[in-house]
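Some notes on the structure that comes next.
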Amino acid sequence: MSATEPSTADSPPHRYSGALAQGIEARWQDRWEAEGTFEAPNPAGPLGDPEAVGGRPKRFVLDMFPYPSGAGLHMGHPLGFTATDIYARYSRMIGHNVLYTMGFDAFGLPAEQYAVQTGQHPAITTAQNVANIRAQLRRLGFSHDLRRSIDTTDPGYYRWTQWIFLQIFNSWCDPETKKARRIDELVAEFEAGTRAPRSGEWATLTAAQRRKELDQWRLAYVSDAPVNWCPGLGTVVANEEVTADGRSDRGNFPVFKRNMRQWMMRITSFADRLIDDLDLLDWTDALKTMQRNWIGRSEGATVHFDVAADSAAAGERITVFTTRPDTLFGATFMVLAPEHPLVGQLTTADQADAVASYRRAAEAKKDIDRQDEGREKTGVFTGSFAINPLNGARIPVWIADYVLMGYGTGAIMAVPCGDQRDFEFARTFGLEIIAIQDPTDGRGTDTSTWADAFVGDAPYINSANEALDLHGVASVAEGVHLTNQYLAEHGHGHATITFKLRDWLFSRQRYWGEPFPIVYDGDGNPHALPSDALPVLLPETDQFSPRTFDPDDAMSNPESPLDRLGHWTTLTLDLGDGPQQYRRDTNVMPQWAGSCWYELRYLDPTNDDVFVDPANEQYWMGPQATKADGRAHPGGVDLYVGGVEHAVLHLLYARFWHKVLFDLGHVSSVEPFHKLFNQGYILAAAYTDERGMYVEASQVEQRDDGWFHEGRPVSREYGKMGKSLKNALDPMDLCAEYGADTLRLYLMSMGPLDASRPWESKDVVGVYRFLQRLWRNLIDEDSGELRLLAQPSDVDTQRALHRTIAAVREELDNLRFNTAIAKLIEFNNHLTKLGGCPADCADALVKMVSPFAPHVGEELWARLGHVGSLTHEPFPVADPALLVADTVEYPVQVNGKVRGRVVVAADAADDVVQAAALADDKVQAALAGQAPKKVIVVRGRMVNIVA
RNA sequence: GCCCGAGUGGCGGAAUGGCAGACGCAGCGGACUCAAAAUCCGCCGUUGGCAACAACAUGUGGGUUCGAGUCCCACCUCGGGCACCA
């Protein structure tokens, strides 16, 4: 119990307290649910009520939905959810039809691992956890439309996840328009001869060849992809689960990097559009930059180096790919992978033995070791030379195992002055290093004195030939561009666009996920199941773990839990060519699948005919009128709030799926999330003992000389609130002590929504006292009766009220909840000084508070004599006449320092303000007789005199 | 390592390039009370000064500007992401 909690009997009986809040909150939560207060009508479909939709503007407010963990909500959830709830409630009060609900991203590893340990089916624990979290959300007073809640593990939901997968599987990306199109259209183009298949004339291909050809075009395809295979665990593991010495985090088994047959999604085909359409979005520049960098579009070059005429293999060309063709003047040698096909021809007789033995040694090494940057550089000269296409220099050709045949062309041009690996290689083998930049760190251009490569932007030097001159070129991009032009004109290469983005590895060898709606025929070809076969239900089993293997058996193959269900994996089907035996795909989809489209299902959650009725999608997410700046509106969710940890993956995957659905005509919005806001983290003090182990933060006590746990000193640090740092607080405990309204206000007042902030339990009383004072200004604490000041409010109070209204609206429109609350506290403090709330201010005050503290808001609204919820009451509007003052005080600076102040009429002209400023005694004193050189008057702000 | 972000009183934070520290916590003083709690009123960046006031202050060092917490460059520290945790 906190120090401020009235704990004695002499506290007034009707004071706002945690106990009083409990009663009020429960009562209004019951009523909201019984009356369906927050249900938003749809224009069409099962939840359709076109009349109720009316002519109101709409607003779709969305949270990143939670994983239903057994621990319930953690403090980060109510942080983001309160923000969206306030915004949703405010939006209703300014007349919008608001879609606001909450679902559950319920497939995933924790439920599966819990099932492995306990034998409890994940469906059971998931249902329990969802029920628990629903109760918690209700307790926090969120204004969700409960009819629209979804759960990704519900067959009624994942049926459509599978359906969307099939849409993607049955599509290809037209390279000309970069748009997804139906696979039938590709077949039609092949048949008509308007597009050439990659594997030969369509008419001459066999049915099997045609099938293989189409599979190469599909947006969802099966391919070999490099993964971390851990036979000891029987699963593929994430990079972060692999320790530095190549073993698994769990179990400490060896992990092997190897290729495996996996489902992939061709997200790289959409790379350009995923970059370009960022311009249409109302996201922060930081976030857009993160996505752009992740996609990593860059203009590089493919460059051909002729082998020198007097070398072995003369007449051949060595082709390399480089991201920095502008550095080509500094290329002083080349390095080929030992496996490169030209190595044999390039090797001269006297180097033959050395090359052969180096190639044998390289074969024995794993790729992962060969890329280890810290390793001693090794390599062998082939004896041959190539010609640098820009300056005609003869440069030696080496082989080294740090160049991999699988990456790019298996050969690189080495620019030792600007690349550390090349620099070390050159130093190790005494190769030439030419500076092509004038380093900005003062090291000079004599590379023999350099300790490392110079990496960074700096002016080009030694970078010109008879037709290409990079000297004076300001940016790398321009240097690249000019070099590429030269290469193309002289037949030495061409510009090549590359992306860092890789195709999306989409299958998991696990149990608790969506099964693929795919079967394989006897030849191993994938076939889509027809949509009427959906959902493909996840089969029942009590074996949730994958089969494990001899930990050292690198060539073993994963066997998912579904593989073992023989009765399920094989089936007889008629897919149009008579009944055949098929084998099901036994992978499941990654957890991202369900979260790639859930916002669309909220729009029409009970529709059994279609994943979303087009009329509903058009209404809630369709493009709006062209934006003020003339750009097209892409449609999408009006506000999406969630953690920045999803800045890249989830947001990119969801955008990709949405674009495919758009191209295929299933949705009218180009982008799923129009405005995005990233909330910060809640940090809390965490304590470690002398062994460096975290101790339970709630049991730490502070004394004058530090912090102690069970009598032993501990040290304090701050970190993300959570189980691992043992510093988590349960939001429900705060609801029990102070009430949900106080918790909501505290979370919002801690700081700006996008900043991470440390939790301080002792600070919670600040907003608690605000609610008490607000209550006391309206309600008599002894009698519980309404208590308003009878006389009309004076002009000061009116002005304060209307300034508050204007400010709170402005702050809410911009999601600045912390400062909105500060303004409300300020006005309430003004009322406290008046001795209570004038009757003519009460309605507006209560309405303004209600989005933040909705239970107190409803209760006071009812006690003010209103019938019904204030959910749809209009938000107060400020009177402009009360926002302007008669006079303005100008601070007067002399040389940038405030020396005096003058008060002038608010509408005074600049020369009047200037005269008043110069006439001020203190200003004159500061000027000390000097004549002002210049006077700057900023209207309504200040005056600066330059002397 | 690569990409993104953040550094302001004792603490959380506020501040369209225009009076640094709104609002809250903690602290100090006062009123009320037999007393305490609660409540109400006031003070509250640092240094010097009885004071008026002055000087110094937004991670560090430079720069742009009449004017910089805010814009630019470099550096330091901390947080997030890095593709099978979600």
Side-chain angles (χ1 to χ4, degrees), chain A residues 3-8 10-12 15 64 66-67 69 105 108-110 113 227-228 235-241 262 284-294 296 373 420 440-441 500-510 590-592 595 643-650 652-653 678 680-681 683 718-720 746 749-752 754-767 769-770 772-773 776 781 816 818-826 829 832-833 835 889-898 901 933-936 938 940-947:
Chain A
T4 53
E5 186 70 14
S7 53
T8 50
D10 55 352
S11 166
R15 170 163 294 177
M64 288 185 187
Y67 175 79
S69 143
D105 189 14
L109 267 185
Q113 277 164 355
V227 295
N228 302 310
T235 62
V236 172
V237 294
N239 282 341
E240 72 157 21
E241 297 176 277
Q262 299 280 334
T284 60
D285 288 336
L287 202 72
K288 289 184 184 182
T289 306
M290 267 194 261
Q291 288 227 339
R292 274 195 202 99
N293 290 342
W294 185 261
E373 304 246 341
Q420 186 58 25
T440 47
D441 57 6
K500 225 177 80 198
L501 183 69
R502 309 197 295 261
D503 273 346
W504 176 14
L505 199 160
F506 193 73
S507 42
R508 304 287 186 266
Q509 292 71 51
R510 307 207 191 262
Q591 194 171 5
W592 307 111
S595 62
V644 70
E645 68 273 21
H646 294 295
V648 185
L649 297 179
H650 159 61
L652 209 55
Y653 295 149
N678 286 126
Y681 293 97
L683 311 176
Y718 277 87
K720 195 171 153 183
Y746 176 62
S749 67
M750 291 164 84
D754 56 356
S756 291
R757 52 319 263 303
W759 177 279
E760 281 297 345
S761 290
K762 69 177 169 58
D763 290 356
V764 176
V765 292
V767 289
R769 290 205 276 246
F770 162 59
Q772 284 185 325
R773 213 171 290 158
R776 188 156 48 235
E781 292 189 326
R816 293 190 297 248
N818 55 330
T819 44
I821 291 169
K823 309 282 186 202
L824 289 169
I825 292 175
E826 221 168 328
N829 288 346
T832 301
K833 285 194 172 62
E889 186 186 72
Y890 280 83
V892 183
Q893 297 181 345
V894 176
N895 293 331
K897 293 201 179 213
V898 179
R901 294 158 199 288
K933 290 198 188 100
K934 191 174 171 189
V935 180
I936 293 144
V938 184
R941 280 286 178 188
M942 50 106 57
V943 180
N944 191 16
I945 299 168
V946 187

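Quick note on labels: first sequence line is chain A, next is B, and so on, each numbered from 1.
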Answer with base, sugar-phosphate or nothing: what part of the nucleic acid does [X] contact at a heavy-atom distance below 4.0 Å?
X: A/Asp105; value: sugar-phosphate
X: A/Pro66; value: nothing
X: A/Ile825; value: sugar-phosphate
X: A/Val946; value: sugar-phosphate

Looking at [options], which one has an atom nearest to any side-chain atom of [X]?
X: A/Asn944; options: B/G13, B/A86, B/C66; result: B/C66
X: A/Arg901; options: B/A26, B/C19, B/C84; result: B/C19
X: A/Tyr653; options: B/G12, B/C19, B/A83; result: B/A83
X: A/Val236; options: B/G18, B/C84, B/C25; result: B/C84
X: A/Trp592; options: B/C25, B/G18, B/C84; result: B/C84
X: A/Tyr67; options: B/C19, B/A86, B/A26; result: B/A86
X: A/Gln509; options: B/A86, B/G13, B/C84; result: B/C84
X: A/Met290; options: B/G80, B/C25, B/G12; result: B/G80
X: A/Glu826; options: B/A22, B/G12, B/G18; result: B/A22
X: A/Arg510; options: B/C84, B/C41, B/C19; result: B/C84

Short side-chain N/O contact from A/Lys833 to OP1 or OP2 of B/G42, under 4.0 Å: yes
Please verify the inter-ring angle class for A/Tyr746 with A/Trp759; under 30° counts as parallel, over 60° as perpendicular, anything in between as tilted. perpendicular
Parallel, tilted or perpendicular: rings of A/Trp504 and A/Tyr653 (30°, 60°): parallel
Taking B/C44 as the reference, what is the distance to B/G10 when you measure between their C1' atoms (whole Å, please)? 11 Å
C1' atom, B/G42 versus B/G49: distance in rounded Å? 23 Å
Mapping A/Tyr746 and A/Ser507 onto RNA chain B by nearest heavy atom, which one lands closer to the 5' end? A/Tyr746
Can you work out whether A/Arg508 or A/Gly751 has the more 5'-proximal nearest nucleotide on RNA chain B? A/Gly751
Is the backbone of A/Arg757 close enough, under 3.5 Å, to the side chain of A/Tyr681 for a donor and an acceptor to pair up by distance? no
Could you tell me the Watson-Crick or G-U partner of B/C56, where both distances fall under 3.5 Å? Say none if there is no partner. B/G45
Decide, for B/G9, between syn and anti: a glycosidic angle within 90° of 0 counts as syn, anything else as anti. syn
CG-OG distance between A/Leu649 and A/Ser595, expressed to the nearest 0.5 angstrom: 10.0 Å
Is any side-chain heavy atom of A/Gln509 less than 4.5 Å from a side-chain heavy atom of A/Gln262? yes
Whole angstrom is fine here: how far is it from CZ in A/Arg15 over to C1' in B/A38? 5 Å
